[in-house]
Asker: 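I have a structure here, written as structure tokens, and I will follow up with some questions on it.
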Number of protein chains: 2
Amino acid sequence: MSSPGSRTTVIALLADRGYRLTAPRRQILDVLLASGTPLSAAGIHRRLENRRINLASVYRTIWVLLGLEALRATDAIGGEKRFELADPLGAHHHHLICQDCGRIEDLEGCPLEERVLRAVNRRVRRSRRFRIVEHELRLIGACADCDGAGRRTRARRRP
Amino acid sequence: MSSPGSRTTVIALLADRGYRLTAPRRQILDVLLASGTPLSAAGIHRRLENRRINLASVYRTIWVLLGLEALRATDAIGGEKRFELADPLGAHHHHLICQDCGRIEDLEGCPLEERVLRAVNRRVRRSRRFRIVEHELRLIGACADCDGAGRRTRARRRP
DNA sequence: CCGTAAGCTGCAAAGCGTTTGCAGTATGAG
DNA sequence: CTCATACTGCAAACGCTTTGCAGCTTACGG
């Protein structure tokens, strides 16, 4: 038994839906598995063993994995898109985003209590007829590297 | 006395920092004031009275306003950037984002309790040496238009 | 094993939102 | 009213993402 983001599950899913397990896909999957943080398409590409794999293939694989719901897209600061393997069913986590260097760290667990979530859900359902499917909490600030010692020189990202 | 996002304050801020109050800037400000929801650069441009104002000027004005901290950038779904005038000092709000049409609605108030926020702050400060400056809660789902009646045909946005 | 259909890949070019260089225009201080 | 200079429109440059195409690979059946 394995969870949505595990290697075997994703590979099984591919086969199951008629997708082929090709060398680029396997390597991209391995990069995602090895990374503890969401990666951009370029970030994935940079980490690939085989540097001859084309960036276009990275994008195409991202699309396939998103379609399988094995991958989750996260909006980094300034509209950059990053991707990480999906959490096990039912679980989810949030992100600490450094506004200086853009680095994203995972925050294990969700600080929003069930009680509060249900209340908000009910409220917007009634007042706006908006149905909440998921939520995302972004904690924005300065990471260990960028904080201390009088603010690094690294440029703050543009919007 | 007026708050950060008010017309007079922004105009005063411009003068104060040596910026000129030009026709394009005034119109862009009025579009932002009139809109109840964050707008993209193209969205602002589309709503301008004078359609001869160049999109590049919209971008340049956005930069100026961001610099004055009179404008706030929001990441819409899929990396699109949208902008809205800043909240009064100290206040903040969150967003309901429709994953179908991309529309963003404001959620008045913040469901995260002080108690909880302080706890998370302390926790990541200690365990990761991450200093949280602000937080952003994104409630993602289906808006009134896109929900009911067997899901509209509008394409779900790409990542 | 080997042959084959169709899914994939690399490459290069096209798309799209955003930024920048430039020459001319308009603002606001004196 | 005059003038220095901040600002604007335009067009070209940019950087990331997507797409068309011809050839390569995978998975499946024999």
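Lettering of chains follows the sequences in order, A, B, ..., and the numbering in each one begins at 1.
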Asker: Below 3.5 Å, does any donor atom in the side chain of R60(A) face an acceptor in the base of dG7(C), or the other way round?
Answerer: no
Asker: Could you see if L33(A) belongs to whatever hydrophobic cluster contains Y19(A)? Use Ile, Leu, Val, Met, Phe, Trp, Tyr and a side-chain cutoff under 4.5 Å.
Answerer: yes
Asker: Among E134(B), E84(B), H92(B), which one satisfies side-chain hydrogen bond (donor to acceptor under 3.5 Å, both in side chains) with R72(B)?
Answerer: E134(B)
Asker: dG15(D) P sits how many Å from K81(A) NZ, rounded?
Answerer: 17 Å
Asker: Could you give the NE2-to-P distance, from H45(A) to dG10(C), as a whole number of Å?
Answerer: 8 Å
Asker: Send over the distance from I62(A) CD1 to dT18(D) C1', rounded to a whole Å.
Answerer: 12 Å
Asker: Report the hydrophobic cluster partners of L137(A), with the cluster defined as I, L, V, M, F, W, Y residues connected by side-chain heavy atoms closer than 4.5 angstrom, directly or transitively.
Answerer: L96(A), L107(A), L112(A), V116(A), L117(A), V120(A), V124(A), F130(A), I132(A), L139(A), L96(B), L107(B), L112(B), V116(B), L117(B), V120(B), V124(B), F130(B), I132(B), L137(B), L139(B)
Asker: Can you check the R82(A) CZ to dC16(D) C1' distance for me, whole Å?
Answerer: 14 Å
Asker: Given atom CD1 of I53(B) and atom P of dT25(C), what is their separation to the nearest angstrom?
Answerer: 17 Å
Asker: Using atom CD1 of I11(B) as one end and atom C1' of dT27(C) as the other, report the distance to the nearest whole Å.
Answerer: 14 Å
Asker: I'd like to know if E113(B) and R118(B) make a salt bridge, using a cut-off of under 4.0 Å between side-chain N and carboxylate O.
Answerer: no
Asker: CZ of R17(A) versus P of dC8(C): gap in Å, rounded?
Answerer: 13 Å
Asker: Using a 4.0 Å heavy-atom cut-off, does A56(A) contact any base of the nucleic acid, only the sugar-phosphate backbone, or nothing at all?
Answerer: base
Asker: Give me the atom names and distance for the closest heavy-atom approach of I53(A) to P24(A).
Answerer: CD1-CA, 3.7 Å
Asker: Taking for each residue the nucleotide of DNA chain D bearing the nearest heavy atom, is the 5' side occupied by P24(B) or by N54(A)?
Answerer: P24(B)
Asker: Check the distance between dG17(C)'s P and L55(B)'s CG and give it to me in whole angstrom.
Answerer: 9 Å
Asker: Each nucleotide in nucleotides 23-30 of chain D should get exactly one letter: B, S or -. Can you fill that in based on protein heavy atoms under 4.0 Å?
Answerer: --BBS---
Asker: Step through the shown structure and confirm whether more than 12 heavy atoms of other residues, nucleotides or ligands are within 6.0 Å of CD on E49(B).
Answerer: no
Asker: Using the rule that Ile, Leu, Val, Met, Phe, Trp and Tyr join whenever any side-chain heavy atoms are under 4.5 Å apart, tell me whether L21(A) and L65(A) fall into a single cluster.
Answerer: yes
Asker: What nucleotide among dT8(D), dT18(D), dG9(D) has an atom nearest to a side-chain atom of R25(B)?
Answerer: dT8(D)
